[in-house]
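Working notes, structure below.
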Amino acid sequence: MHKDETDVRLLLKTHGDAIYRSAYLLLGNPHDVQDILQEVLLRFLEKAPSFATTDHERAWLLRVTTNCCIDCLRFRKKHSYTDLDLLKECLPTPQQQTHLEELYALPAKWKSVLILYYFEGYSVAETAKILRLSENAVKKRLQRARDALKIALSEPEENRKAQNRKSMKTLNQTEFYHRKELS
């Protein structure tokens, strides 16, 4: 089946917000998001997939979006840019606005499951299908992401820095003792 401009317009009208929101939450940079949106549309046109339902189409698009974003993050790891003020204006609740920095600091694999589960409303099983992971992997990533956010939100910045220094000191002492035993 050949896709045309009408199909792209309908796709953007139906799923454009979800694609944009997911890409923005993963990347945090509006310029990268525009590139990802173009890439997703190109893949839609090139592959010309036929979908059984609108939900199947949305899941495919979000999976392609997530994969493209992860590729972008790998490629541009050293040259990242985040305009968090623009995203804060787009988020609906003040609680989401205050926790944006903590969400953005998470690894992409944790952010992707959080976005699909909490922002897009997919179940664990649906998220697992979209990301081609087992349900247990999705549950574990959700758990780790929630734990990381809980720590980030409960501890003031000074306590986190002190904890990191303490962890590094313990790690260095352990490493010292292991080296001493080996010599």
Side-chain angles (χ1 to χ4, degrees), residues 1-93 96-97 99-135 137-139 141-142 144-145 149:
M1 176 195 241
H2 181 67
K3 304 286 183 184
D4 60 10
E5 187 178 336
T6 309
D7 294 324
V8 172
R9 287 177 194 243
L10 180 62
L11 176 127
L12 287 174
K13 187 176 183 178
T14 309
H15 306 293
D17 289 342
I19 295 168
Y20 190 89
R21 183 175 46 247
S22 295
Y24 203 107
L25 287 169
L26 282 167
L27 298 174
N29 180 337
H31 305 292
D32 288 341
V33 171
Q34 291 298 323
D35 292 342
I36 294 302
L37 185 59
Q38 289 178 9
E39 182 65 28
V40 170
L41 293 176
L42 282 173
R43 289 187 187 185
F44 176 76
L45 289 171
E46 288 173 356
K47 304 289 182 190
S50 58
F51 303 104
T53 64
T54 311
D55 291 336
H56 180 227
E57 181 180 50
R58 181 179 174 177
W60 184 86
L61 290 166
L62 289 173
R63 189 165 137 250
V64 170
T65 302
T66 300
N67 290 341
C68 289
C69 288
I70 290 171
D71 290 345
C72 181
L73 288 171
R74 283 184 191 137
F75 181 75
R76 298 180 181 177
K77 190 172 187 175
K78 294 181 182 180
H79 307 289
S80 64
Y81 167 78
T82 305
D83 189 0
L84 296 176
D85 293 330
L86 286 177
L87 183 57
K88 283 182 182 179
E89 294 172 10
C90 299
L91 294 173
T93 66
Q96 288 174 328
Q97 292 174 1
H99 303 321
L100 181 61
E101 288 85 6
E102 287 83 3
L103 174 66
Y104 188 71
L106 294 175
K109 65 182 182 179
W110 292 352
K111 279 193 284 191
S112 61
V113 295
L114 284 175
I115 290 166
L116 291 173
Y117 187 77
Y118 288 108
F119 289 91
E120 298 302 327
Y122 284 103
S123 68
V124 169
E126 293 167 330
T127 302
K129 273 186 172 179
I130 291 170
L131 296 176
R132 291 188 177 167
L133 297 169
S134 69
E135 288 185 31
V138 170
K139 289 177 186 176
R141 287 182 183 187
L142 281 170
R144 288 179 178 161
L149 284 174

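Looking at E120 and L62, their side chains come closer than 4.5 Å, going by heavy atoms from C-beta outward. Side-chain contact between I36 and C72 is present, with at least one heavy-atom pair separated by less than 4.5 Å. In this structure, the side chains of L26 and V33 stay at 4.5 Å or more apart for every pair of heavy atoms. The closest side-chain heavy-atom distance from P30 to Y24 is below 4.5 Å. Side chains of T54 and H15 form a contact here, defined as non-hydrogen atoms less than 4.5 Å apart. L149 is listed as a side-chain neighbour of L114, based on a closest heavy-atom distance under 4.5 Å.
At least one donor-acceptor pair closer than 3.5 Å links the side chain of S112 to the backbone N or O of K109. Judged purely by atom type and a 3.5 angstrom limit, Q34 has no side-chain atom pairing as donor or acceptor with the backbone of H31.
Taking every heavy atom of both residues into account, L27 and C69 meet most closely at CD2-O, 3.7 Å. Heavy-atom minimum distance, E39 versus C68: CG-SG, 3.6 Å. W110 and A145 make their closest contact through CB-CB, 3.7 Å (heavy atoms, listed as atom of the first residue, atom of the second, distance).
Below 30°, between 30° and 60°, or above 60°: for F44 and F51 the angle between ring planes is below 30°, a parallel geometry.
For K139, the side-chain contact (heavy atoms from CB on, under 4.5 Å) partners at least two apart in sequence or on another chain are V124, N136.
Annotation: the span from E126 atom CD to D55 atom CG amounts to 7.5 Å, rounded to 0.5 Å. To the nearest 0.5 Å, atom CD of residue E135 and atom NZ of residue K129 are 9.0 Å apart. R58 contributes atom CZ, which lies 11.5 Å from atom OG1 of T53 (distance to the nearest 0.5 angstrom). Distance check: L106 CG to R141 CZ gives 12.5 Å after rounding to the nearest 0.5 Å. Atom OG1 in T66 sits 10.5 Å away from atom CG in L25 (nearest 0.5 Å).
Within 6.0 Å of OH in Y122 there are more than 12 heavy atoms belonging to other residues, nucleotides or ligands.
With respect to R74 and D71, a salt bridge is recorded, a charged nitrogen being found less than 4.0 Å from a carboxylate O.
Screening V40, L45, L41 against L11 for a side-chain contact (heavy atoms from CB on, under 4.5 Å) leaves a single residue, L41.
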Should T127 and L131 be marked as a side-chain contact (heavy atoms from CB on, under 4.5 Å) after you check the CA-CA gap, both sets of side-chain angles, and the distance that decides it?
-> CA-CA 6 Å; T127 302; L131 296 176; 4.0 Å; yes
